[in-house]
Amino acid sequence: MPPAAQRDIVSLVRTLGSDARPVKQHQALVAVAAMCYGQDRATLTALTAAGAIPALVKLLKVVGGRTADVHRIAAGALWDLAESREARGTIRCHPDGEPISAAASAAIAAAGAIPRLVRLLVPGTPGEVQEVAAGLLCDLASSAENAGTIENTGAIPRLLQLLAPDTPAQVQRKAAGALTNLAPKRDYAVTIVSGGAIPRLVQLLGPGSPVEVQRNAAMALSSLPFYATDSAAAIVAAGAVPALLKMLGAGCHTRAQHAAAYSLRALCFFSDEALAAIDAAGVSDDELSEMEGQMLDAVQARTVQEGM
């Protein structure tokens, strides 16, 4: 990168963290966010070196006339950094199958982003802000260390609130994704179940939900039986099996079908009722296993591709 371009980046980042006039600071924020979205490796490296991550995190606490806009743009820029490809070998995948940079995610968490993001999930926050906050938390929750911080800051009850029927679909999708990443730990899974997640997630499996909401809801349900005792029976009692079987139909998107198969296979380990219902529907274990394998192969292929 030319030295002049590096100096421009340093200047923009300094403006983010300064007491500059709101208009000038907002212009710098928009410029930095555009660079993050562009995913140019050299630019992302320069932004990180200039201190963009702590500067953006600081803006999550801004109050004033353009608060929601600042929060949305700053969280969105951090989200793009979390899904950057700046370092080969640091890629994971979250429930949406998007690549995640372990290095960037750790830096974002270390800068104190998590409690500020959780505060943005409260009722009354604009939906577009909740979406980016929940989306970034979904990414950050891929790390066990970050997941602990997220749970300790009281995120789970707020994420559960975002599964409500009147919540925008994109917010529901990201909330369910974050819960999926939090569920594979016994204490968190129990908190999720006791908070009333199961009927809310089952409701999101219905045909009225967009395919990605259905998918993330199915993935969230698939983890719970392994970590929360008796949750499989509660999932079956809530009507999940017929809804998941319906998702296997030809009219449903492949990504949702694979997630439904994955969830049904998980239920079969813990519930004879689920196994009987699946057998009665004429779906064999081999068919479920094949669909589950296709889903895992697709995630693995995307991980390899993004890491190149």
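As the structure is a prediction and not an experimental result, all values here were calculated from the model.
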Residues pairing under ring-ring contact (aromatic ring centres under 6.0 Å, His included) where one sits in residues 148-201, two or more places apart or in two chains, turn out to be none
Donor-acceptor pairs under 3.5 Å, side chain of residues 119-132 to any protein atom, not counting sequence neighbours: which ones?
{"residue": "Thr125", "atom": "OG1", "partner": "Leu120", "partner atom": "O", "Å": "3.2"}
{"residue": "Thr125", "atom": "OG1", "partner": "Val122", "partner atom": "O", "Å": "3.1"}
{"residue": "Gln130", "atom": "NE2", "partner": "Leu121", "partner atom": "O", "Å": "3.3"}
{"residue": "Gln130", "atom": "NE2", "partner": "Val122", "partner atom": "O", "Å": "3.2"}

In Å and rounded to the nearest 0.5 Å, what is the OG to CG distance from Ser263 to Leu221? 5.0 Å
For Tyr227 and Ala189 the tightest heavy-atom approach is CB-CB, 3.5 Å
Can you find a pair of side-chain heavy atoms, one from Met35 and one from Asp40, that are under 4.5 Å apart? no
Between CG of Leu137 and CG of Leu159, what distance do you get to the nearest 0.5 Å? 6.5 Å
Note, His71 side chain near Leu59 side chain (heavy atom, < 4.5 Å): no
Working to the nearest 0.5 angstrom, can you tell me the gap between Leu56 CG and Leu29 CG? 6.5 Å
ILVMFWY network linking Leu60 to Val13, side-chain heavy atoms under 4.5 angstrom: yes
Going by heavy atoms in the side chains, are Gln257 and Met247 under 4.5 Å from each other? no
Within the structure provided, determine whether Lys174 and Trp79 are in side-chain contact (heavy-atom separation under 4.5 Å). yes
Does Val118 offer a backbone N or O that forms a donor-acceptor pair with the side chain of Arg158 under 3.5 Å? yes
Do Thr43 and Leu47 come close enough that some side-chain heavy atom pair is under 4.5 Å? yes
Side chain Thr45, main chain Arg41, donor-acceptor under 3.5 Å: yes
Spell out, yes or no, whether Val30 and Ile9 are grouped together once hydrophobic residues are joined by side-chain heavy atoms under 4.5 Å, including indirect joins. yes
Which of Leu201, Leu162, Val213 passes side chain to side chain contact (heavy atoms under 4.5 Å, CB included) with Gln172? It is Val213
Starting at CZ of Phe269, measure out to CG of Leu275 and round the result to the nearest 0.5 Å. 10.5 Å
Note, Lys58 side chain near Arg116 side chain (heavy atom, < 4.5 Å): yes
Verify, without hydrogens or angle tests, whether Arg173 (side chain) and Asn216 (backbone) share a donor-acceptor contact under 3.5 angstrom. no
Minimum heavy-atom separation for Cys138 to Ala178, with atom names? SG-N, 3.6 Å
I'd like to know if the side chain of Thr167 and the backbone of Leu163 have a donor-acceptor N/O pair within less than 3.5 Å. no
Would you call Ser143 and Ser105 a side-chain contact if the rule is heavy atoms closer than 4.5 Å? no
Within the supplied structure, the quantity of interest is the number of heavy atoms (other residues, nucleotides, ligands) at a distance under 6.0 Å from Asp279 CG; does it exceed 12? yes
Linked, directly or transitively: Phe270 and Val236 (ILVMFWY side chains, under 4.5 Å): no
Can you confirm whether Arg14 sits close enough to Val10 that some side-chain heavy atom of one is under 4.5 Å from a side-chain heavy atom of the other? yes
Might you point out which heavy atoms bring Cys36 and Leu44 nearest each other, and give the distance in Å? CA-CD2, 3.9 Å
CG-CG distance between Asn146 and Asn181, expressed to the nearest 0.5 angstrom: 10.5 Å
Does the Ser271 side chain pair with the main chain of Leu267, one donor and one acceptor, at a distance under 3.5 Å? no
Heavy-atom closest pair (Ala260 atom, Leu248 atom, distance to 0.1 Å) is CB-CD2, 3.9 Å
Please say yes or no: joined through hydrophobic side-chain contacts below 4.5 Å, possibly via intermediate residues, are Ile156 and Leu224 part of one cluster? yes
Which pair of non-hydrogen atoms, one from Val57 and one from Gly112, has the smallest distance, and what is that distance? CG1-C, 3.8 Å
Please round to the nearest 0.5 Å and tell me the distance separating atom CG of Leu179 and atom CD1 of Ile150. 10.5 Å
Between the side chain of Ser222 and the main-chain N/O of Met219, is any donor-acceptor distance below 3.5 Å? yes
Contacts of Ala281 that satisfy side chain to side chain contact (heavy atoms under 4.5 Å, CB included) - sequence neighbours left out: Leu245, Val283
Minimal heavy-atom distance between Ser231 and Ala228, with the atoms involved, is OG-O, 2.7 Å
Sidechain-backbone polar pair: Glu273 side chain, Ala233 backbone, donor-acceptor under 3.5 Å: no
Determine yes or no for a side-chain-to-main-chain donor-acceptor pair under 3.5 angstrom, with Gln214 supplying the side chain and Ala256 the backbone. no
